[in-house]
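Accompanying notes for the structure given below.
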Amino acid sequence: MEYNFKLDNFEGPLDLLLHLIEKNKVDIYDIPIALITEQYLEAIHAMPEKNLEEMSEFLIMAATLLDIKAKMLLPREEEEVEEGDPRAELVARLLEYKKYKLLSAELRQMEEGSDRLVYRKQDLPQEVAKYKPPVDLDGLLKNETAEKLRRIFDEIMKRHLDRTDEVHSHFGEIEREAVQIGDRLDYVKEKVRRPGRHSFRSLLGRAATKLEIVITFLAILELIKTGDIRLTEDSTRDDFTLEDNAA
Amino acid sequence: MTREAVLEGILFAMGTSVERDQLAEAMEITPEEVEACAAALKASYEEGDRGIRLLRLDNAYQLCSAEGCYDTLIKLASRPKQPVLTDVVRETLAIIAYKQPVTKGDIERIRGVSSDHAVNRLVEFGLVEEKGRLNAPGRPILFGTTEEFLRRFQIEGCDVLPELDADQLAEIEAQVESETAKAEATEREQQEMVQVEI
Amino acid sequence: MTREAVLEGILFAMGTSVERDQLAEAMEITPEEVEACAAALKASYEEGDRGIRLLRLDNAYQLCSAEGCYDTLIKLASRPKQPVLTDVVRETLAIIAYKQPVTKGDIERIRGVSSDHAVNRLVEFGLVEEKGRLNAPGRPILFGTTEEFLRRFQIEGCDVLPELDADQLAEIEAQVESETAKAEATEREQQEMVQVEI
């Protein structure tokens, strides 16, 4: 191998080409295309196994070089002469690439010493850290009115009622049917049938609304009348006890 | 570079306080020389009317910004973001205005979600304040609206808040009452049921 | 307190870079006055042989320790090492810095090889960031340099990136221009060549 370099050192086909041009000390504007192409092909043959993608970039350039070489060997037609040197595009690319290589070297110099500069973390004095800007109530309440507050309160209360009691979610429509004597009769009978002491107070207390209390009371009276249940006074508790007559 | 400059750079970059003896070792001078150096730097800050000051803390040194910068610094650091009245905060204000005095618990029951943050914001805004404590377990704080609230909403007093529609009002009032009764009843019943179950 | 002192105190306390316009607003002076003020402070650090330096980073300012303190400082504090840039990565950075905003495609065209990896590394190092998307098919990401780039390479702003030596640059620039004209012609020619090969 004539060239003592590793292809790994080259970042790409343009880099390799620039290296060859410099090594041969030839003019970038007048590249001896045959010589450079030959050396380029030699170099990529010597390349260690690389992945296809990486290799393909070098191969595309090889093809371009061969194209240019062929083009230059061919006798020129008049039209082509007008179009200029077949190397032109390659030269332009090489020059642009070279520009950034030089700028990159420039950056390397500028970088020196920057790791010796040390910055601070934010360190606000207590007085500043503790400070809270005063609230601008004018801005904050710009669009607020007492009337708006009222509407919001209305909505909240409606939402609240809807949420807390299913009965009220159908507000106004079926309220009258919400507590029916028949339901309460079944309810009381069912309760009393369960084992344990059944408190008159707690049974009524379990009712959610005044209406429910009234209906439940009526249901108890009805069941006493029909003989389904009996009521005994529980003076120690200031209460009555309900018992199932069937038991 | 002078010793003062090195000391300045070190204290600047370290941020925290640095022990005199550590400084001496790093700067390869005696602790006494560090002291002299720090004194000179401190003086140069004060005499030169700089924005930095040097503090001596026991046997350590630290830099801090000069007090005179605070006002400007506050403007920069706090970046006064105009708070906005969020729906949550607005709703909470409405509840407090109409149902005052109320506890945070009351508000939560009505809104169905925690209102801690919203109440705190309103207190911060000066629209709501403590009005005492409820005589109940935990003695929760009662909240009500402030004079500032009345001024801002151009209301003459909390007793003349705009009324709800007469119908709506009656309906709601009635329901709220029964809700309260129900809640109390349920509570009592629960207590009794516990007894029964035992 | 002088404006320079206030600026010094603010930049000291903030630690991070602070935008010129923010400073102007907080200090209640014009942005031009902030610039003048910063320039004066910067000069006083350098001429006074202080341990602090003031950097301009595009339209922001930041304080850092003077380079001369580093050897002493490093004895007291450990510091994460800056990531080392390989030639490939630095070359890619040069292209992004000088041609920003650019797409990965632009960079590949110039370097002749895929630049995915290098660009990703630069983004990872915080030297390069997305600056938007090109309004073209596929809407490719446009990359540009960050403030960290300015800090790392001690550049005052993207508009004052150092040029190559006047000679070098003039030569290259002139050639690139004339070559571009030629290249267009070549392109046409190449198309014809392809036809010939087929």
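Proteins come first, then strands; the chains are lettered A, B, ... in the order of their sequence lines, and each starts at number 1.
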If you compare all heavy atoms of [X] against all heavy atoms of [Y], which two are closest, and at what distance to 0.1 Å?
X        : Y        : answer
C:Ser114 : A:Glu57  : N-OE2, 2.8 Å
C:Leu55  : A:Tyr119 : CD1-OH, 3.0 Å
C:Val113 : A:Gly12  : CG1-CA, 3.5 Å
C:Ala94  : A:Tyr100 : CB-O, 3.8 Å
C:Arg90  : A:Leu107 : CD-CB, 4.0 Å
A:Asp115 : C:Gln82  : CB-NE2, 3.2 Å

Min side-chain heavy-atom separation [X]-[Y] under 4.5 Å:
X        : Y        : result
A:Glu111 : C:Leu85  : yes
C:Arg53  : A:Leu117 : no
A:Lys99  : C:Tyr98  : no
A:Met110 : C:Gln154 : no
A:Asp123 : C:Met14  : no

Return yes when atom [atom1] of [X] has more than 12 non-hydrogen atoms of other residues, nucleotides or ligands closer than 6.0 Å, and no otherwise.
X        : atom1 : result
C:Asn135 : CG    : no
C:Glu108 : CD    : yes
C:Arg133 : CZ    : yes

Exercise for the section: I would like to know whether A:Arg116 and C:Asp71 meet salt bridge (charged side-chain N to carboxylate O under 4.0 Å, His left out); could you show each step before the answer? Expected result: CA-CA 8 Å; A:Arg116 296 167 61 88; C:Asp71 293 331; 3.2 Å; yes
Against chain A, label [X] side chain, backbone, both or neither, depending on which of its atoms sit under 4.5 Å from a heavy atom there.
X        : answer
C:Ile95  : both
C:Ile74  : neither
C:Arg151 : both

Exercise for the section: Taking the six-membered ring of C:Phe12 (Phe, Tyr or Trp), confirm whether the NZ or CZ of A:Arg120 is under 6.0 Å from its centre and within 45° of its axis. Expected result: yes
Practice task
Determine, for C:Arg109 against A:Glu96, whether the closest basic-nitrogen to carboxylate-oxygen distance falls under 4.0 angstrom.
Solution key: no
Practice task
Answer with side chain, backbone, both or neither: which region of A:Glu112 has an atom nearer than 4.5 Å to a non-hydrogen atom of chain C?
Solution key: backbone
Handout entry: Most chain C-contacting option - heavy-atom pairs closer than 4.5 Å, from A:Ala105, A:Gly113, A:Ser114, A:Pro13
Key = A:Ser114
Problem - Between A:Ile60, A:Leu14, A:Val118, A:Leu94, the one whose heavy-atom pairs under 4.5 Å with chain C are most numerous - result: A:Val118
Fill in the blank from the handout: In this structure, CZ of C:Phe153 is separated from CZ of A:Arg108 (nearest 0.5 Å) by 10.5 Å
Completion exercise
Among C:Leu93, C:Thr16, C:Leu73, C:Asp87, the residue with the most heavy-atom pairs under 4.5 Å to chain A is C:Asp87
